[in-house]
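Keep in mind that this is a model prediction, so the values were computed, not measured. Numbers for residues simply follow the sequence, beginning at 1.
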Amino acid sequence: MFARQLLPFLVLTLVKAQQQPLLLPGSCSFEFSTCGYTSDPKHATWTVNEEGRFITADAALMGPKEKAVLQGPEMEPMEWGCLRMVYQITGKGSLQLHLRPYGENFDYTLWTSERTSDSWLIASIDLRNTSQPFQLLMEGQPGREAGNSVAIFEIHIVPGFCIECDFEEHHLCGYSNQWNPNVNWYVGGSLARDPQSDLPDDHTMHNERGHYMYVDSVYAKKFQEVAKLLSPMTTTPMSGCLSFYYQRNQARGNYFSLLTRDELGHFEELWRPDAYDTRDWKLEQVDIKAPHPLEVVFEVAFNSPRGGYVAIDDISFSSEFCHSETDPNFDPSTANCDFEEGFCEYNQEKIGGSVWNRVNVKPNVYRVGDHTTGAGSFLLANTRSTSLPGYVGRLHGPVLPGNHKYCLRFYYALHGFVKIDNSLALYIYDDNNVAQEKVWTVTESSRDVWTEVDLTFQKPMPTKIVFVTICRNFWDCGLVALDDITVTIGDCRVTAGPLRPTPGQCNFEQDECGYTQEKKQRVSVRGGGWLRMQGQTPTSYTGPKGDHTLGVGHYMYIEASHMIPGHSARLLTTELRGVDSPQCLIFYYHMYGSGTGTLSVFLRRHDNRHRYLDLRYRDSLLWRRQGEQSISWMRAMVDYSCYTKHQIIFEAVRGASIRSDIAIDDIVFKQGPCKADSGDTFQYSGFSENVNEIEY
């Protein structure tokens with residue numbers, strides 16, 4: 001009992017599990033071999049310990065290289081699997097796990113850790129269904145100081161989900177106890193248990209040799225002492241049925257519940273039992289939706305030392321919902337709209353005429369184009385034909401089910417307002433058209449810049465978003481533009497968005513994303529070249545007023561006043577893998593100014609047959625624009641194919657005058673071909689130099 005009090009949640013050492021799990025290809029204990037895992041020769045080498053049992057990236061053996069990359073064998077498409085990796089970071093360092101899918105240029109980061117420890121740690125990473133072969137890569141980066149290292153003890157890949165567990169394995173599937181001085185979750189079962197205990201046999205094996213998790217009240221000293229058992233954090237969206245078995249002896253009082261906790265530490269209760277006592281194992285099934293990373297938490301609170309106990313076992317998960325009333329078909333993207341094809345599911349109150357109008361304008365110094373492509377459609381309110389004093393314009397979105405946390409993102413732009421009060425606000429209405437809450441309003445804003453807004457809301461009843469613009473005085477009112485509305489499940493701080501870019505995407509908000517400048521280019525007499533910028537460029541009548549991602553974020557551009565006419569600056573991507581399938585490059589460019597020069601995109605192949613030739617002579621032109629294009633950000637979509645290692649080059653050539661700033665933002669690489677739409681789409685076989693004249 002004393003040992004149990006001091007060492008809760010110990011790794012089991014007395015009895016090995018009788019049922020070993022099925023290990024999938026890619027698993028390795030590094031006992032007799034590396035199981036097909038090899039060190040990437042471009043980086044430092046992973047070293048197998050002389051006595052076996054683990055592989056390490058040691059700072060003392062790294063030399064000048066910063067990291068060591070361990071490449072796994074090629075793996076075939078698989079159903080859902082769980083990778084459990086036992087690792088240790090000594091001193092300072094980091095370990096990352098990447099997935100490299102066949103047919104794509106970029107790796108997907110599945111997991112990362114900088115947690116140092118004097119003992120082995122376990123990571124649980126979900127590997128969702130794949131339709132293409134793939135590789136796993138472990139990237140170890142120990143600190144430069146002596147004594148720092150990153151080691152991997154074993155890699156186990158098993159079928160199923162990482163939150164599943166029967167507690168028969170020594171690592172307990174990565175479940176962990178949130179330490180409390182008095183009450184904690186312990187490993188129950190096995191022959192070593194207290195003979196006086198009234199705790200049950202486990203559910204998995206139905207005998208004394210099996211294991212389960214339990215918590216009892218014997219050491220509870222305070223009112224409402226709480227014990228929490230936490231699952232590993234999910235690493236990919238998942239929805240379905242969570243099943244588990246539990247026993248409960250309530251005695252003089254305990255509270256048992258199942259919750260989820262997201263990356264921000266927010267809890268949400270999913271279930272409480274309706275049974276007072278369960279002397280036999282009872283099956284419970286709870287529907288769960290995980291649109292972003294979260295943990296499952298089993299929580300028990302006691303009122304006294306005689307509060308009884310709770311035991312759980314055999315946690316499993318199915319991608320099918322367990323209750324028919326759970327709606328598996330609900331899709332919040334029904335509230336998305338870029339207004340390219342119409343109003344989507346949005347409608348407006350037309351009392352006194354239409355205030356919101358769908359428009360497609362040719363951008364000029366007085367008005368910007370749309371946010372989606374630069375030449376598409378968006379909504380515009382308070383136009384001259386409807387700007388009558390005293391009107392209110394309401395734009396209603398579709399009804400969304402209640403009891404969900406939603407992340408709403410949209411872009412807006414203002415023009416010509418004397419006062420921006422009431423120019424645009426956002427309300428939450430119920431499905432009876434009753435306003436519940438005003439959740440956002442414009443306070444300050446740059447004029448003629450598309451600005452991104454994201455906010456999180458949750459209501460118990462069905463709700464809808466309503467954009468409201470008010471004009472009380474004709475002379476104070478201007479133009480309100482709205483575009484690219486998206487709604488997803490979850491908190492905006494943990495869902496995908498502009499500040500959480502996907503692999504192959506760069507918006508320059510954090511840094512240059514590994515892009516480098518070609519040193520051979522003659523760019524300046526005063527330190528020109530590609531610059532990372534926020535806000536408006538220094539020279540008037542050229543360059544953007546803000547970035548494309550957020551409106552107040554960062555982008556890359558050339559400052560023409562730092563360069564000589566005709567000189568160029570080249571920005572190179574990191575080295576990309578060659579693949580058999582077509583690729584799609586999407587980016588936004590800004591070319592505004594009477595002296596604007598040329599923006600080009602080149603493909604540079606890395607071919608060993610020509611390694612002795614000057615790379616400049618093997619750059620193939622993919623796309624080009626010359627001269628002033630628009631005062632707005634414009635979208636380019638470029639299809640290309642390359643079977644060997646390569647780089648993409650963005651080249652800007654300074655025009656005749658200082659009004660020649662050229663900018664790029666929001667670069668995305670993805671598997672092609674590019675989706676044909678109203679955007680600027682080009683094939684590798686040619687290029688265009690169309691010049692759009694700006695209306696003034």
Side-chain angles (χ1 to χ4, degrees), residues 264 266 332-339 343-349 355-356 368 370-372 378-382 391-402 404-417 419-431 433-472 476-500 546-553:
L264 302 175
H266 297 160
S333 66
T334 57
N336 295 357
C337 195
D338 60 11
F339 303 105
F343 274 72
C344 306
E345 299 296 322
Y346 289 80
N347 61 83
Q348 64 175 315
E349 299 176 5
V355 174
W356 292 95
V368 295
D370 83 314
H371 180 265
T372 313
F378 59 96
L379 292 192
L380 189 65
N382 301 12
Y391 79 82
V392 177
R394 295 184 178 91
L395 181 71
H396 293 250
V399 175
L400 302 171
H404 290 281
K405 185 177 289 186
Y406 294 103
C407 172
L408 166 67
R409 292 187 171 98
F410 63 92
Y411 288 84
Y412 76 95
L414 303 179
H415 177 78
F417 279 91
K419 298 178 181 179
I420 64 171
D421 296 344
N422 302 311
S423 59
L424 183 63
L426 181 67
Y427 288 79
I428 303 298
Y429 277 47
D430 63 20
D431 54 350
N433 282 333
V434 177
Q436 297 294 312
E437 183 182 2
K438 182 179 182 180
V439 293
W440 175 85
T441 188
V442 176
T443 53
E444 290 187 21
S445 179
S446 300
R447 304 300 197 269
D448 303 312
V449 174
W450 284 108
T451 303
E452 192 259 358
V453 175
D454 60 44
L455 56 92
T456 303
F457 66 93
Q458 181 176 14
K459 296 293 181 183
M461 75 291 287
T463 56
K464 57 184 177 179
I465 55 176
V466 179
F467 294 92
V468 179
T469 180
I470 301 175
C471 179
R472 290 197 175 96
D476 288 342
C477 294
L479 305 177
V480 180
L482 187 65
D483 204 3
D484 292 344
I485 303 171
T486 60
V487 177
T488 55
I489 297 290
D491 194 299
C492 289
R493 291 171 291 180
V494 295
T495 58
L499 296 180
R500 298 170 70 93
D547 78 317
H548 181 266
T549 314
L550 304 173
V552 293

Inset, instruction - Check whether any side-chain N or O of Arg394 sits under 3.5 Å from a backbone N or O of Thr469 as a donor-acceptor pair, and report yes or no. - result: no

Inset, instruction - Determine the minimum heavy-atom distance between Pro462 and Val399, stating which atoms define it. - result: CB-CG1, 3.8 Å

Inset, instruction - Sequence neighbours left out, what passes ring-ring contact (aromatic ring centres under 6.0 Å, His included) with Tyr411? Give chain and number order. - result: His371

Legend entry - Close side-chain approach of Phe457 to Cys407, heavy-atom, < 4.5 Å: no

Inset, instruction - Quick one: list whatever passes side-chain hydrogen bond (donor to acceptor under 3.5 Å, both in side chains) with His396, sequence neighbours left out. - result: Glu349, Lys464

Legend entry - Side-chain heavy-atom pair Glu452, Thr549 within 4.5 angstrom cut-off: no

Legend entry - All side-chain hydrogen bond (donor to acceptor under 3.5 Å, both in side chains) counterparts of Thr443, not counting sequence neighbours: none

Inset, instruction - Please name the pair of heavy atoms, one in Leu395 and one in Gln348, separated by the smallest distance, quoted to 0.1 Å. - result: CD1-CB, 4.2 Å

Inset, instruction - Please examine the side chains of Thr488 and Asn336, heavy atoms only from C-beta on, and report whether any two atoms are closer than 4.5 Å. - result: no

Inset, instruction - Begin with the C-alpha distance, continue with both residues' side-chain angles, and end with the deciding distance and a verdict on side chain to side chain contact (heavy atoms under 4.5 Å, CB included) for Leu550 and Thr451. - result: CA-CA 5 Å; Leu550 304 173; Thr451 303; over 6 Å; no

Inset, instruction - Verify side chain to side chain contact (heavy atoms under 4.5 Å, CB included) between Met461 and Gln436, making sure each step is shown before the conclusion. - result: CA-CA 10 Å; Met461 75 291 287; Gln436 297 294 312; 3.8 Å; yes

Legend entry - Where Gly490 and Thr456 come nearest, the two heavy atoms and their spacing: O-CG2, 4.2 Å

Inset, instruction - Could you list the residues that satisfy salt bridge (Lys or Arg N to Asp or Glu O under 4.0 Å) with Asp338, not counting sequence neighbours? - result: none

Legend entry - Residue pair Gly393 / Trp356: nearest heavy atoms and the distance that separates them: O-NE1, 3.7 Å

Legend entry - Partners meeting ring-ring contact (aromatic ring centres under 6.0 Å, His included) with Tyr427 (sequence neighbours left out): none

Legend entry - Value rounded to 0.5 Å, distance of CG in Asp454 from OG1 in Thr486: 9.0 Å

Legend entry - Interatomic distance, Asp430 atom CG to Lys459 atom NZ [nearest 0.5 angstrom]: 10.5 Å

Inset, instruction - May I ask you to check whether Asp484 and Thr372 show a side-chain donor-acceptor distance below 3.5 Å? - result: yes

Legend entry - Qualifying residue for side chain to side chain contact (heavy atoms under 4.5 Å, CB included) with Phe378, from Asp483, Leu482, Val368: Asp483

Legend entry - Side chain to side chain, Ile485 and Tyr346, heavy atoms closer than 4.5 Å: yes

Inset, instruction - Give, for atom SG of Cys492 and atom CG of Leu408, the distance between the pair rounded to the nearest 0.5 Å. - result: 7.0 Å

Inset, instruction - Quick one: list whatever passes ring-ring contact (aromatic ring centres under 6.0 Å, His included) with Phe410, sequence neighbours left out. - result: Trp440, Phe467

Inset, instruction - Could you tell me whether the side chain of Thr495 reaches within less than 4.5 Å of the side chain of Arg409, counting heavy atoms only? - result: yes

Inset, instruction - Pick out which of Ile465, Val487, Leu455 makes a side chain to side chain contact (heavy atoms under 4.5 Å, CB included) with Tyr406. - result: Val487

